There are 2 protein chains.
Amino acid sequence: MALPSEKNYLSHIAFDSVIFGFSGQKLKILIMEYHNTGLYALPGGFVMHNEDLDLAVQRGLLERTGLDNIYLEQFHTFGNVERYKPEVMRNILQADGHAIDNDHWMLERFISVAYYALINSDKVETRPDQISDSLGWYNVEELPELILDHNTIVKTALKYLQLNLSIKPIGKNLLPNKFTMKELQQVHEAILGTPLRRTSFQRRMLGLDILERHEKRFNGKAHKAPYLYSFVE
Amino acid sequence: MALPSEKNYLSHIAFDSVIFGFSGQKLKILIMEYHNTGLYALPGGFVMHNEDLDLAVQRGLLERTGLDNIYLEQFHTFGNVERYKPEVMRNILQADGHAIDNDHWMLERFISVAYYALINSDKVETRPDQISDSLGWYNVEELPELILDHNTIVKTALKYLQLNLSIKPIGKNLLPNKFTMKELQQVHEAILGTPLRRTSFQRRMLGLDILERHEKRFNGKAHKAPYLYSFVE
DNA sequence: TTCCTATTGTCTCACTTCGTAACAATAATA
DNA sequence: TATTATTGTTACGAAGTGAGACAATAGGAA
């Protein structure tokens, strides 16, 4: 693959995406592994000269993961000097077979605008274990060491996700269209990192008037079958 | 004043500050007027190559307003293409007496990281009406038309300020060290844009255990004198 | 001095919300 | 038919909130 050219992208500006998915019990994140280096990083990219920042992030998501029409939320911009480590970028590019001049634009300092994405289990076809060769799902609590300040970015993303849990449609974007109350509760518990009371949670959710009740889901277990719910538009 | 040189600053990256102050009843914002153009804008600036983003904003605040040690909070980064209007920047620079090449770096597209600042009435010496020749306080609801997307930036800042009102020390940073309960209530009302019940507000604030009660303040009026309060550290 | 007025601090009462526990309903199996 | 695990609902006390009432009081008026 050819290197991105300075002619196409704004210098000094990058973006990184913290892509959250939910699989059964745990909150997961998509992590990239750069080949031949053993380096792990958040999927990111650069902004084209004639491209909105938000659209650049959407495009980056599509290019790297094939995912389109994903819920995205900007949460913070990271611009500390310590995050400038040109030797890391050089290693990655060289391991990928590129010869780099010392004054190459990708070796300059970048300020990174960070977004989090929420992936609906529908779209990943309940297989959040591998999307491509170099992209993998990792439990939020069991991340490998990431390059630069990417571990900090993930922590911050989680903080904002928790903050937004009660004011933005988080659950809606992490679950399939229809889900049980228990699944919704597990999403909330995974995000908050604490157990919640079943009865209080159910009462509170139903009281919000944002859920529609559908048919029951019979799962072959020897007990009462739960109702399915969906978010009303 | 000499133009900032590209050698000193990161290209394509700017910051803008929404500086909130509180004067008696109203929430105010510091607005810059560019001389000879009649253009109004938020005070902003650029990031030096070896400078943290947060520190650049602090420096910009100090340079433009003389204010040091101010509460700052990053809230959003604006990167739409529509905000790129080189002719505006060219007008401002030319009106200031600079001859500009067509490929001057300040005429390129910028992505702007926006911060809001909270100014304690102590520091402005209860005179939030004029700080310098080209900086003035304006009521949040009565802003002039600002350049680029700066009116949108202000609206967004206010939204985040409202969001943070209950989880960050907003009142502490907009009021002098000692204040009455009524003054604190007026700050909250100005930020939220709605009246609040006096008794509920007082009960809620006292219940938070973050206020310390001091002596009364006698203001010469023919009624009971209110206690002064301060935030506990 | 005494009364009056505007404001402040507190209390009460009804209503809602939440944690907690108990209870009823039920899908499949033994 | 009885059993079991899970789900949906209800009951009850604790805590918080809106709304109003009431007491306290600093200075001015009579």
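Here is how names work: the chains are called A, B, and so on, in the same order as the sequence lines, proteins then strands, and each is numbered from 1. If you're wondering where the values come from, they're calculated on a predicted model, not measured in any experiment. What's counted below: heavy atoms across the whole structure, side chains too, no hydrogens, waters or symmetry copies.
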Should B/Phe179 and B/Tyr227 be marked as a ring-ring contact (aromatic ring centres under 6.0 Å, His included) after you check the CA-CA gap, both sets of side-chain angles, and the distance that decides it? CA-CA 8 Å; B/Phe179 49 87; B/Tyr227 288 107; over 10 Å; no

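- Look at CD on A/Gln185: it is 11 Å from C1' on D/dT7, rounded to the nearest Å.
- B/Leu196 has its CG atom 13 Å from the C1' atom of D/dT17, to the nearest Å.
- When side chains are defined from C-beta on, B/Val18 does not count as touching B/Leu158, because their heavy atoms never get closer than 4.5 Å.
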Per-nucleotide protein contact string for nucleotides 20-30 of chain D (B base, S sugar-phosphate only, - none; heavy atom under 4.0 Å): BB--BBBB---

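- Across the protein-nucleic acid pair, A/Gln202 atom CD and C/dT17 atom P stand 17 Å apart, rounded to whole Å.
- Helix bend of the helix from C/dT1-D/dA30 to C/dA30-D/dT1: the angle between its two end axes, each built from five pairs, comes to 30° after rounding to 10°.
- A distance of 6.0 Å or more separates the ring centres of B/Tyr40 and B/Tyr34.
- Proximity of the aromatic rings of A/His214 and A/Tyr229 is defined here by a centroid distance below 6.0 angstrom, and this criterion is not met.
- The base of C/dG9 is not paired with the side chain of B/Arg203 by any donor and acceptor separated by under 3.5 Å.
- Donor-acceptor pairing under 3.5 Å is lacking for the side chains of B/Asp16 and B/Tyr115.
- Counting only heavy atoms from C-beta outward, the side chains of A/Ile13 and A/Ile111 never approach each other to under 4.5 Å.
- Aromatic pair B/Phe110/B/Phe46: ring centres closer than 6.0 Å.
- In this entry the distance linking CZ of B/Arg204 with P of C/dT16 reads 20 Å, nearest Å.
- As a whole-Å value, the separation of A/Leu206 CG from D/dG8 P is 9 Å.
- Atom P of nucleotide C/dT20 and atom CZ of A/Phe201 are separated by 16 Å, given to the nearest angstrom.
- Proximity of A/Gln74 to A/Leu53: side-chain heavy atoms (C-beta onward) are separated by under 4.5 Å at one or more points.
- For C/dT7, neither phosphate oxygen OP1 nor OP2 lies less than 4.0 angstrom from any side-chain nitrogen or oxygen of B/Arg217.
- A side-chain N or O of B/Glu73 and one of B/Tyr71 form a donor-acceptor pair less than 3.5 Å apart.
- Dashed line: the shortest gap from a side-chain N or O of B/Ser200 to OP1 or OP2 of D/dG18 is under 4.0 Å.
- In this entry the distance linking CG of B/Leu228 with P of C/dT8 reads 12 Å, nearest Å.
- Between B/Lys182 and C/dT8 there is a side-chain polar atom (N or O) within less than 4.0 angstrom of OP1 or OP2.
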